[in-house]
Amino acid sequence: MLTTTIFTISGNVKHNITIDPGVWIFDDRKVDLDTYFSQEIIDHQELELKNLALAWNKHRKEGANALSNGNDIKMSKKELTSKSFGVPLAPFLNNASPNENVHAIVFKRNSEDDFVCSMEEAKTAILGFSKDGQPLREDGPVQFYYGDGRNQDNPVTNIISIIVK
């Protein structure tokens, strides 16, 4: 049974991070888990830089007095409340600033054995946070999907924290 909806990234990092996956529904980086793994692989860092460049250009065009925070929702309410979503793990790992001697990423699980992967695998991973428009209350708060989708039908569930080793 899930006792919390937040999780942390800690361990061999410069900054511990506490994350509430509930806010990711508004994140431009979210991906549709029903279609993502059948699409061409996307370099998320490149996509994020492209989005930042577009936001910067828009800001320069409109000036500093724009009445929007720039995070426009590009999906209908029906899509947001019926689809399954995830986000790339890489930006969050990068924000935690892992130290150079990292040798593994440990995903602590609520009711099962820990899951361990390499930093390279973690940096391409997707963290699922919703199923059919609902938060992952029973087997979340997040789930791990390899970036290549090899476990898309059987994600690592019940992740309650991420420890960088």
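Quick note: numbers below take in every heavy atom, side chains included, and nothing from hydrogens, waters or symmetry partners.
- The aromatic rings of Phe115 and Phe144 sit tilted, their planes meeting at an angle between 30° and 60°.
- Rounding to the nearest 0.5 Å places CE of Met119 at 13.5 Å from NZ of Lys165.
- Listed for the Asn151 side chain is a donor-acceptor partner under 3.5 Å among the backbone atoms of Tyr146.
- Remark: aromatic rings of Phe37 and Tyr145 are close, center separation under 6.0 Å.
- In terms of modelled atom types and a separation under 3.5 Å, the side chain of Ser84 and the main chain of Asp132 share a donor-acceptor contact.
- Here the CD atom belonging to Gln143 is positioned 8.0 Å from the CG atom belonging to Asn158, to the nearest 0.5 angstrom.
- Put simply, the side chain of Asn99 never gets that close to the backbone of Asn101: no donor and acceptor are under 3.5 Å apart.
- The 12-atom threshold is not exceeded at CG of Asp113, counting heavy atoms of other residues, nucleotides or ligands nearer than 6.0 Å.
- The residue from Thr8, Asn110, Val142, Ile6 that alone fulfils the side-chain contact (heavy atoms from CB on, under 4.5 Å) condition with Ile160 is Asn110.
- For the pair Phe107/Leu89, a side-chain contact is recorded, criterion being any heavy-atom separation below 4.5 Å from C-beta on.
- The aromatic rings of Phe92 and Trp24 sit tilted, their planes meeting at an angle between 30° and 60°.
- The side-chain heavy atoms of Ile162 and Leu127, taken from C-beta on, include a pair separated by under 4.5 Å.
- Between His15 atom NE2 and Ser10 atom OG the span is 14.0 Å, to the nearest 0.5 Å.
- Atom NZ of Lys108 is separated from atom CG of Asp114 by 4.0 Å, given to the nearest 0.5 angstrom.
- The two atoms that bring Ile105 and Ala122 nearest to each other are CG1-CB, 3.8 Å, heavy atoms only.
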Practice item. Start with the C-alpha distance between Lys131 and Leu136, add both sets of side-chain angles, then the distance that settles side chain to side chain contact (heavy atoms under 4.5 Å, CB included), and finish with yes or no. Key: CA-CA 6 Å; Lys131 177 78 174 159; Leu136 301 174; 3.7 Å; yes
